[in-house]
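Single-structure report; data block below.
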Number of protein chains: 4
Amino acid sequence: MNREEKKRATRQKIIDCALELFAENGYEATTVHQITERAGVAKGTFFNYFENKEEVLCDLQLFIATEEISKLQYKQGPIIPLMRELLMEMLRHLPFNRSLILASFQCTLSNKKLLESATVKFEEFKQVLIPVIAAAQARGEISSVMPAEMIADLAVQNYQGALIYWGMGLGEDKLSNQVTLSFELFFKGLAP
Amino acid sequence: MNREEKKRATRQKIIDCALELFAENGYEATTVHQITERAGVAKGTFFNYFENKEEVLCDLQLFIATEEISKLQYKQGPIIPLMRELLMEMLRHLPFNRSLILASFQCTLSNKKLLESATVKFEEFKQVLIPVIAAAQARGEISSVMPAEMIADLAVQNYQGALIYWGMGLGEDKLSNQVTLSFELFFKGLAP
Amino acid sequence: MNREEKKRATRQKIIDCALELFAENGYEATTVHQITERAGVAKGTFFNYFENKEEVLCDLQLFIATEEISKLQYKQGPIIPLMRELLMEMLRHLPFNRSLILASFQCTLSNKKLLESATVKFEEFKQVLIPVIAAAQARGEISSVMPAEMIADLAVQNYQGALIYWGMGLGEDKLSNQVTLSFELFFKGLAP
Amino acid sequence: MNREEKKRATRQKIIDCALELFAENGYEATTVHQITERAGVAKGTFFNYFENKEEVLCDLQLFIATEEISKLQYKQGPIIPLMRELLMEMLRHLPFNRSLILASFQCTLSNKKLLESATVKFEEFKQVLIPVIAAAQARGEISSVMPAEMIADLAVQNYQGALIYWGMGLGEDKLSNQVTLSFELFFKGLAP
DNA sequence: AATGAATGAGAGTTCATTCAT
DNA sequence: CATGAATGAACTCTCATTCAT
């Protein structure tokens, strides 16, 4: 392992331990000392990699895999399998651990910047969905009773709701089942 | 205003200012000093009313009006109007303010006791819903493809999801619209 | 019980509870609130009787019954029975409780005024003893190897030592036995 | 001075200043701020070395040099010179300063753990003395009127009594004289 | 005389951050 | 680049004391 790799490894170790601890105790209650201790580095090392404690948050994976979403707009075909595929893809980027999901949420809510950024991402998600939904409506695949924008809103809400609900320890055993189920019902409701 | 009333007023003032500040800055970032300053009392006064900072949280209204829910089990009639009525009743106990809703969530997530209590409440909500849903299925009002428990799970998730989504500043202008919309789609999906 | 008596009773109740608590937790660790709570009065009442917390200390019985001591100088006869009588008399004014004795000491040491006053009292005790001892030496009752002042010093030290030692839970079961024993040996050492 | 030495120096400086201040104002009345101010370090530094304020006490020298005492049991010869030697050895470990002695006592009394530990040490001291005294009685060096245990009790009491008495500013100028004098009389009383 | 809500200075303690080594 | 001792602002919480009732 050369110097560059070692640095990346240290950085990642810190991030991983940080999220672990955030999941256990919450963002505010977690101290830099705890993080470095678990990561096996000195306290000062933390500040060689991050300007301040808040900055680790920005490196945490959020619930929204922006890249996956943006790919959606170039895809074609019936909306339902498309959405299923997208959801599965997004879930692949999430931790398969309830408290980690919840911790991500807690961090997001406890930090103005992060909350803002999450809101923006949701909004982007929605903007990508709208034309896809509108097209599906035009093709008669789903009901046109509601405007596409409203449906997009409900879809995003549905996605987020499933995540938090599951993160709280409720619902199906596997997150993917919880999300799948939610969207099954969702699309049934949208049947034309 | 006599002594007893004054006491109650002081206590309420502290609670109100606390929630306000939690909504602005989050629970952890809010200091007791800020709370008392805004409430116009001395710092020590806070601790005459609450054993510690954490305890104010317990006086905060959560998203679940347990009493309203438990009434549900004694009611009769078609499930959809019943649920609509329940939802409206529950919303009446919530603050009509996005950041207050979000702050409630943040507080819940930042405090183990509160999180536990919220989870329990959701579970109770679910348990009340299950027989109501099962009965509606028996009467053929809603689809029996999914077991009642699963539907109950999705209903609670839907409720919570709408609240958070709206709390983040997304969706409809009015919370009640957001919730109504969500459940409209939800019940459409459940059509037999 | 008339008004005046009631006042005295309240005052005494406060003093008693205070010493009790001092014995349990020490002077500094005892709060006025604890005292008034145990005494069954309101916090404010404490300050109707004492200017401040420190002042209760002054009302506490110390280890030295000054009055008894001063009587000594007018008494006559062989020194050993005289001293025995004095000691027994002094013990009668002490609490028969190890932790109360120890608490008295702790209070004395934790308060400059009280320490000063205790030192003065010991000095007075010594001054009363000196002529008595000198007279006994002149009568040949006790050894003249040591000057009277030195003997007086050792006597007072002996008295205090027995009290503290017993207060710590060590030595004889009964305080009077511990003191008697100490002085028995003391006087044996002083045999001419 | 390297890093490790500097650490030890800082720690010792804090301990020294703490005891100084305890001697001046007592344990409870001394604040961590005062200690660090006098030691010339920041307030936080105190807590890098001690978990809390109470912990400095544990580093304070008590009145009983346990090691010296335990050596006693392996020594032989007439008891009186043996005891003289032991006492002198023990005094060598004590501060030659009245208020420091008194402060040690006050700290001991103001802290349950410390009091317990001091009582245990006194008890140990006694247990070491008992066989030594019994042997001396068997050899006819000292009177057998009192049981060895009782004599041990009085010896320990005598030692402690001399310390406190001298600590209060009374008695001989030098502590060693006060202790020597006390034990001279003590052993005279024990003459067979 | 008794009450107890209000006060606020000040206590112990925490912890993100710095910087000399 | 890693270290960890030092920092000090800021925190929660305590409590003797006051004073309107």
Side-chain angles (χ1 to χ4, degrees), chain A residues 3-4 6-7 10-11 28-37 40-56, chain B residues 1-4 6-11 28-37 39-55, chain C residues 3-4 6-7 10-11 28-37 40-56, chain D residues 1-4 6-11 28-37 39-55:
Chain A
R3 203 159 175 158
E4 207 54 41
K6 224 172 181 174
K7 267 177 70 177
T10 303
R11 185 190 178 83
E28 298 275 1
T30 300
T31 69
V32 172
H33 177 72
Q34 285 172 340
I35 297 171
T36 54
E37 195 175 32
V41 297
K43 215 183 331 174
T45 303
F46 181 94
F47 294 94
N48 291 335
Y49 289 94
F50 304 95
E51 286 252 315
N52 48 50
K53 186 186 162 190
E54 196 181 337
E55 225 185 46
V56 215
Chain B
M1 188 151 56
N2 69 16
R3 217 165 176 177
E4 206 56 40
K6 225 175 184 172
K7 240 179 102 174
R8 221 184 358 259
T10 304
R11 182 189 179 85
E28 299 275 2
T30 300
T31 71
V32 173
H33 177 71
Q34 287 171 340
I35 297 171
T36 54
E37 196 173 33
V41 297
K43 213 184 337 169
T45 303
F46 181 94
F47 295 96
N48 289 339
Y49 289 94
F50 305 95
E51 289 247 314
N52 48 51
K53 186 187 162 191
E54 195 182 337
E55 226 187 45
Chain C
R3 203 164 176 154
E4 207 55 40
K6 223 173 182 173
K7 265 177 74 178
T10 303
R11 185 190 178 83
E28 298 275 1
T30 300
T31 69
V32 171
H33 178 71
Q34 285 172 340
I35 297 171
T36 53
E37 196 175 32
V41 297
K43 217 184 327 175
T45 303
F46 182 94
F47 294 93
N48 291 335
Y49 288 94
F50 305 94
E51 285 253 314
N52 48 48
K53 187 187 162 191
E54 198 182 337
E55 225 185 46
V56 215
Chain D
M1 189 149 59
N2 69 18
R3 216 165 177 178
E4 205 57 39
K6 224 173 183 171
K7 239 179 104 174
R8 224 188 349 264
T10 304
R11 185 190 177 85
E28 298 276 2
T30 300
T31 71
V32 172
H33 178 71
Q34 286 171 341
I35 297 171
T36 53
E37 196 173 34
V41 297
K43 201 159 23 142
T45 303
F46 181 93
F47 294 95
N48 289 338
Y49 289 94
F50 305 95
E51 288 248 315
N52 49 50
K53 187 186 161 192
E54 194 182 337
E55 227 188 43

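Labels below follow one simple rule: chain letters A, B, ... track the order of the sequence lines, proteins then strands, and each chain is numbered from 1. Source: prediction; values computed, not measured. The figures here come from the full heavy-atom set of this structure, side chains too, leaving out hydrogens, waters and symmetry mates.
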Figure out the [atom1]/[atom2] separation between [X] and [N], and round it to whole Å.
X       : N      : atom1 : atom2 : result
B/Phe50 : E/dA5  : CZ    : C1'   : 14 Å
C/His33 : F/dC13 : NE2   : P     : 17 Å
D/Lys6  : F/dG4  : NZ    : P     : 16 Å
D/Lys7  : F/dT3  : NZ    : C1'   : 12 Å
A/Arg11 : F/dA2  : CZ    : C1'   : 16 Å
A/Glu28 : E/dC15 : CD    : P     : 11 Å
A/Asn52 : E/dT18 : CG    : P     : 9 Å
B/Ile35 : F/dC11 : CD1   : P     : 12 Å

Next on the checklist: Does B/Tyr49 reach a base, just sugar-phosphate, or nothing at all? Heavy atoms under 4.0 Å.
Outcome noted: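 The residue B/Tyr49 makes sugar-phosphate contact but no base contact.
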Checklist entry - Which is true for C/Thr30 with a 4.0 Å heavy-atom rule: it touches a base, it touches only sugar-phosphate, or it touches nothing? => result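 It contacts sugar-phosphate atoms only.
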Measuring from the side chain of [X] (C-beta onward, heavy atoms only), which nucleotide among [options] has the closest atom?
X       : options               : answer
D/Arg3  : F/dA2, F/dG4, E/dT3   : F/dG4
A/Phe47 : F/dT7, E/dG12, E/dT18 : E/dT18
C/Ala42 : E/dA16, F/dA16, E/dG4 : E/dG4
A/Thr45 : F/dC15, F/dA2, F/dC1  : F/dA2

Next on the checklist: So for D/Asn48 and F/dA6, does any side-chain atom that can act as donor or acceptor lie under 3.5 Å from a complementary atom in the base?
Outcome noted: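 By the distance-only test, yes, there is a pair.
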Next on the checklist: Whether the side chain of B/Lys43 and the base of E/dG10 hold a donor-acceptor pair under 3.5 Å is what I'd like checked.
Outcome noted: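 Side chain to base: pair found, below 3.5 Å.
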Note, [X] side chain near [Y] side chain (heavy atom, < 4.5 Å):
X       : Y       : result
D/Thr30 : D/Ile35 : yes
C/His33 : C/Phe46 : no
B/Tyr49 : B/Lys7  : yes

Checklist entry - Of C/Thr10 and D/Glu54, whose closest DNA chain E nucleotide lies nearer the 5' terminus? => result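 Its nearest nucleotide being more 5', the pick is C/Thr10.
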Item to check | First of A/Lys53 and C/Gly44 reached from the 5' end of DNA chain E, by closest nucleotide | outcome: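 Looking at the nearest nucleotide for each, C/Gly44 comes out on the 5' side.
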Item to check | From CD (C/Gln34) to CD (C/Glu37), nearest 0.5 Å | outcome: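 Going from CD on C/Gln34 over to CD on C/Glu37, the span is 7.5 Å.
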Next on the checklist: Rounded to the nearest 0.5 Å, what separates atom NZ in D/Lys43 from atom OG1 in D/Thr31?
Outcome noted: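 D/Lys43 atom NZ to D/Thr31 atom OG1 measures 8.0 Å (nearest 0.5 Å).
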Item to check | B/Phe46 vs C/Glu51, nearer the 5' end of DNA chain F by closest nucleotide | outcome: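 Looking at the nearest nucleotide for each, B/Phe46 comes out on the 5' side.
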Item to check | Nearest-nucleotide 5' precedence on DNA chain F, A/Gly40 against D/Gly40 | outcome: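 On the 5' side of the pair lies A/Gly40.
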Item to check | Shortest non-hydrogen contact between C/Lys53 and C/Glu28, atoms and distance | outcome: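 Heavy-atom minimum between the residues: NZ-O, 3.5 Å.
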Checklist entry - According to the Watson-Crick and G-U wobble definitions, with both distances under 3.5 Å, which nucleotide is paired to F/dT21? => result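 Pairing partner: E/dA2.
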